Enquirer: 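Take this structure, written in structure tokens, and hold onto it; I'll ask about it next.
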Amino acid sequence: LFLELTGRVDQSSTLPKANNTFFYPGVSSSFVFTDALDIKSNVISYGKLRASVAKVGKDADPFLLDNVFVTGSYGNNVAEFGFPFGTIPGWAQSSRIANNELTPEFTTSYEGGINLGLFNNRVNIDAAYFYTSSTDQIVNVGVPASTGFLTKTANVGKMTNQGIELLVNARILSGKQFSWDISANYTRIRNKVVEIGGGITSFSINGNRFTGALPTIMEGE
């Protein structure tokens, strides 16, 4: 029986001083039941159960806490319009609203699985189920252009990611000069936007456009 505990504290200069230190822990455990229960045989050569829970923190990109000036242009084509005049360099107000109350993002992950070695380990099976939940994600949320801005940096939402993974390895032939192994794997992952927050149920992804389509983040999708 194995048990591993971890803990980490980060301090980031890209977050407000009140929120710039954050802690996240993890625990993982495994149980080799074929050894502990002495049940090895020609059929079951090895067996292990495993489980883990971990929380991971993430800070913000630089310069998101204050409104800043950026290299500007009139329209989208600097060569055509120039800013402020011809090739003279200039600066303009950013189209993003800053947020000096940002908090870290957190992702909590759960995983459980089993490892089996069969027929003197000629066949090995690894199966796992995982579930992750990401909250307080730092996102530039779209806002109405009538505000004079295009986006606002905010901690929003909850997104989940869950699925299963299955891996099978088998040794078909084994000899002194030649061996043949085959493997097969299957993965199923489902992501879902559970919540955005602030009464918002959807918003477009700024800066991404396709003919006849507008990429959008939407609750329940």
Side-chain angles (χ1 to χ4, degrees), residues 1-62 64 101-139 154-172 174 179 181-197:
L1 178 65
F2 301 88
L3 179 66
E4 181 178 354
L5 303 174
T6 62
R8 175 169 170 166
V9 176
D10 279 4
Q11 186 177 45
S12 173
S13 61
T14 66
L15 292 171
K17 289 184 178 180
N19 302 320
N20 71 353
T21 302
F22 48 101
F23 170 77
Y24 44 98
V27 56
S28 62
S29 179
S30 61
F31 178 55
V32 185
F33 58 85
T34 46
D35 288 349
L37 305 178
D38 194 21
I39 57 173
K40 288 184 179 181
S41 67
N42 292 330
V43 177
I44 300 179
S45 312
Y46 177 80
K48 179 176 75 173
L49 297 172
R50 67 181 191 275
S52 64
V53 181
K55 188 175 184 179
V56 178
K58 181 183 178 183
D59 61 359
D61 290 335
L64 297 185
E101 297 182 352
L102 285 180
T103 60
E105 297 183 13
F106 283 108
T107 298
T108 305
S109 303
Y110 306 86
E111 183 174 333
I114 185 172
N115 296 82
L116 291 176
L118 307 176
F119 311 113
N120 294 319
N121 289 320
R122 291 180 68 94
V123 178
N124 292 277
I125 299 173
D126 185 343
Y129 168 79
F130 62 89
Y131 175 90
T132 66
S133 175
S134 300
T135 57
D136 291 332
Q137 296 172 94
I138 300 173
V139 178
N155 290 104
V156 299
K158 177 181 179 181
M159 178 176 287
T160 60
N161 183 328
Q162 60 181 320
I164 57 174
E165 294 180 333
L166 179 63
L167 175 65
V168 179
N169 292 304
R171 171 150 291 191
I172 304 302
S174 179
S179 63
D181 294 345
I182 63 172
S183 64
N185 63 75
Y186 172 79
T187 303
R188 181 183 187 271
I189 301 175
R190 291 292 182 268
N191 299 310
K192 177 180 281 190
V193 178
V194 178
E195 178 187 355
I196 296 176

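Numbers for residues simply follow the sequence, beginning at 1. Note that the structure is a prediction, hence the values are computed from the model and not measured.
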Enquirer: Looking at Glu105 and Asp136, what are the two nearest heavy atoms and their distance?
Expert: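 In this case the closest contact between Glu105 and Asp136 is CG-O, 3.3 Å.
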Enquirer: What is the minimum heavy-atom distance between Ile172 and Arg122, and which atoms define it?
Expert: O-NH2, 3.3 Å
Enquirer: Would you please say whether a donor-acceptor pair under 3.5 Å links the side chains of Thr107 and Ser134?
Expert: yes
Enquirer: Tell me, yes or no, whether the heavy-atom count around Tyr129 atom OH, taken from other residues, nucleotides or ligands under 6.0 Å, exceeds 12.
Expert: yes
Enquirer: What verdict does the side-chain contact (heavy atoms from CB on, under 4.5 Å) test give for Val9 and Phe22, after you've listed the backbone C-alpha separation in whole Å, the side-chain angles of each residue and the deciding distance to 0.1 Å?
Expert: CA-CA 6 Å; Val9 176; Phe22 48 101; over 6 Å; no
Enquirer: For the pair Tyr110 and Tyr131, name the ring-plane relationship: parallel under 30°, tilted 30 to 60°, perpendicular over 60°.
Expert: tilted
Enquirer: For the CZ atom of Phe106 and the NZ atom of Lys58, what is their distance to the nearest 0.5 Å?
Expert: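 Between atom CZ of Phe106 and atom NZ of Lys58 there are 13.0 Å.
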Enquirer: To the nearest 0.5 Å, what is the distance between OG1 (Thr103) and CD1 (Ile138)?
Expert: 7.0 Å
Enquirer: Quick check: do Asn155 and Thr135 have side-chain heavy atoms less than 4.5 Å from each other?
Expert: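 Asn155 does not reach Thr135 side chain to side chain.
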Enquirer: Less than 4.5 Å apart, side chain to side chain, heavy atoms only: is that true for Leu166 and Ile164?
Expert: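 No - every pair of side-chain heavy atoms lies 4.5 Å or more apart.
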Enquirer: Do any N or O atoms from the side chain of Thr14 and from the backbone of Ala60 form a donor-acceptor pair under 3.5 angstrom?
Expert: yes
Enquirer: Please tabulate, one pair per line, all N/O donor-acceptor pairs under 3.5 Å involving side-chain atoms of residues 25-36, not counting sequence neighbours.
Expert:
unit_1 : atom_1 : unit_2 : atom_2 : d
Ser29  : OG     : Phe2   : O      : 3.0
Thr34  : OG1    : Gly47  : N      : 3.1
Asp35  : OD1    : Lys40  : NZ     : 3.2

Enquirer: Supply the atom-to-atom distance Asn191 CG to Met159 CE, rounded to the nearest 0.5 angstrom.
Expert: 6.5 Å
Enquirer: Name all residues meeting the side chain to side chain contact (heavy atoms under 4.5 Å, CB included) criterion together with Lys192; count only those two or more places apart in sequence or in a different chain, and write none if there are none.
Expert: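 Residues passing side chain to side chain contact (heavy atoms under 4.5 Å, CB included) with Lys192: Thr160, Val194.
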Enquirer: Got a donor-acceptor contact below 3.5 angstrom from the Ser183 side chain to the Asn169 backbone?
Expert: no
Enquirer: Look up atom CG in Asn124 and atom OH in Tyr46, then write down how far apart they are to the nearest 0.5 Å.
Expert: 10.0 Å
Enquirer: Under the salt bridge (Lys or Arg N to Asp or Glu O under 4.0 Å) rule, what pairs show up with a residue in residues 44-56, not counting sequence neighbours?
Expert: Arg50-Glu111, Arg50-Asp126
Enquirer: Is the number of heavy atoms from other residues, nucleotides or ligands within 6.0 Å of CZ (Arg8) greater than 12?
Expert: no
Enquirer: What's the shortest heavy-atom distance between Leu102 and Asn19, and which atoms?
Expert: O-ND2, 3.0 Å
Enquirer: Return the OG to CG distance between Ser12 and Asn20, rounded to the nearest 0.5 Å.
Expert: 7.0 Å
Enquirer: Taking side chain as C-beta onward, heavy atoms only, is Leu15 less than 4.5 Å from Pro104?
Expert: yes
Enquirer: Going from CG on Asp59 to OG on Ser13, what distance comes out if it is rounded to the nearest 0.5 angstrom?
Expert: 8.0 Å
Enquirer: Give the C-alpha distance, both sets of side-chain angles, the deciding distance and a yes or no for side-chain contact (heavy atoms from CB on, under 4.5 Å) between Phe130 and Ile189.
Expert: CA-CA 9 Å; Phe130 62 89; Ile189 301 175; 3.8 Å; yes
